[in-house]
Amino acid sequence: MKWGLLVLTASLVAGSLSAHAAPQGGSKNDSSPQTVRVGGDIKPPVKVKNVTPVYPSFALQAHIEGVVILEATIGIDGRIKEIKVLRSIKELDDAAVKAVRAWEYKPTVVNGQAVQVITTIPVNFNLEN
């Protein structure tokens with residue numbers, strides 16, 4: 001069982017640290033925009049609107065803290081289109097997702113065209129801040 005977990009963990013790390021920008025959609029016959037991953041020549045998108053997550057009161061009382069890691073697809077308009085939780089803290093996931101859904105970014109442009117971009121977003125919950 002340890003090896004299965006190790007392989008799964010290594011696969012997740014390798015996938016999230018990929019250093020190339022592989023197109024994920026948007027063929028010439030498809031009307032959907034091209035989607036790329038952050039890495040290599042694709043720089044992380046620039047956030048223009050931040051919303052701080054609201055720490056759930058029950059999580060504060062239980063002294064729960066940590067980092068929720070999300071994967072988000074940012075549309076050509078700079079708004080969050082999809083979010084999935086990559087690393088969960090059950091009591092904090094909803095607050096993280098709600099805050100990130102309200103974030104906005106400067107649209108990402110590749111070769112003169114706006115593209116959707118997939119990026120990893122860590123959301124920190126720290127009791128000292």
J.: Do we see a donor-acceptor contact under 3.5 Å between the side chains of T35 and Q116?
T.: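 A pair is found: one side chain offers a donor N or O, the other an acceptor, under 3.5 Å apart.
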J.: How many angstroms lie between CG in N126 and CD in E128, if you round to the nearest 0.5 Å?
T.: 5.5 Å
J.: Indicate the atoms forming the closest heavy-atom contact of F125 with E65, along with that distance.
T.: O-CB, 3.1 Å
J.: What is the minimum heavy-atom distance between I76 and P107, and which atoms define it?
T.: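 Answer, listing the atom of I76 first, then P107: O-CB, 3.2 Å.
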J.: Is there a side-chain contact between I42 and V117 (heavy atoms, below 4.5 Å)?
T.: yes
J.: For atom NZ of K47, decide whether the heavy atoms of other residues, nucleotides or ligands shown that lie under 6.0 angstrom number more than 12.
T.: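 Yes.
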J.: How long is the span from the CD1 atom in I118 to the OG1 atom in T108, to the nearest 0.5 Å?
T.: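 Spacing of CD1 (I118) from OG1 (T108) equals 11.5 Å.
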J.: Atom OH in Y55, atom CD in E91: separation rounded to 0.5 Å?
T.: 10.0 Å
J.: Whether E71 and R37 form a salt bridge (side-chain N of Lys/Arg under 4.0 Å from carboxylate O of Asp/Glu) is what I want to check.
T.: yes
J.: Treating Ile, Leu, Val, Met, Phe, Trp and Tyr as nodes and any side-chain heavy-atom pair under 4.5 angstrom as an edge, say whether I74 and V48 lie in one connected cluster.
T.: no
J.: V97 versus L70: any side-chain heavy-atom pair under 4.5 Å?
T.: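 Heavy-atom side-chain distance check passes, below 4.5 Å.
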J.: With heavy-atom distances below 4.5 Å as the criterion, would you say the side chains of L92 and I64 are in contact?
T.: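 Touching, per the 4.5 Å side-chain cut-off.
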J.: Would you please test V100 and V123 for side-chain contact (heavy atoms from CB on, under 4.5 Å) and show each step?
T.: CA-CA 8 Å; V100 171; V123 182; 3.7 Å; yes
J.: Is the number of heavy atoms from other residues, nucleotides or ligands under 6.0 Å of D94 CG greater than 12?
T.: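 Open: at most 12 neighbouring heavy atoms sit under 6.0 Å from CG of D94.
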J.: Supply the atom-to-atom distance K49 NZ to R79 CZ, rounded to the nearest 0.5 angstrom.
T.: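 Reported value, rounded in 0.5 Å steps: 7.0 Å.
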J.: Please name the pair of heavy atoms, one in T52 and one in N50, separated by the smallest distance, quoted to 0.1 Å.
T.: OG1-ND2, 3.9 Å
J.: Quick check: do T120 and I69 have side-chain heavy atoms less than 4.5 Å from each other?
T.: yes
J.: Report yes or no: does W103 contribute a side-chain atom to a donor-acceptor pair with the main-chain N or O of V51 at less than 3.5 Å?
T.: yes
J.: Determine, step by step, whether I80 and T73 satisfy the side-chain contact (heavy atoms from CB on, under 4.5 Å) criterion, reporting the C-alpha distance in whole Å, the side-chain angles of both residues, the deciding distance to 0.1 Å, and the verdict.
T.: CA-CA 6 Å; I80 302 293; T73 302; over 6 Å; no
J.: Would you call S88 and V68 a side-chain contact if the rule is heavy atoms closer than 4.5 Å?
T.: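 No, too far: nothing below the 4.5 Å cut-off.
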J.: Honestly curious: do V115 and V46 fall in one hydrophobic cluster under the side-chain, below-4.5 Å linking rule?
T.: no
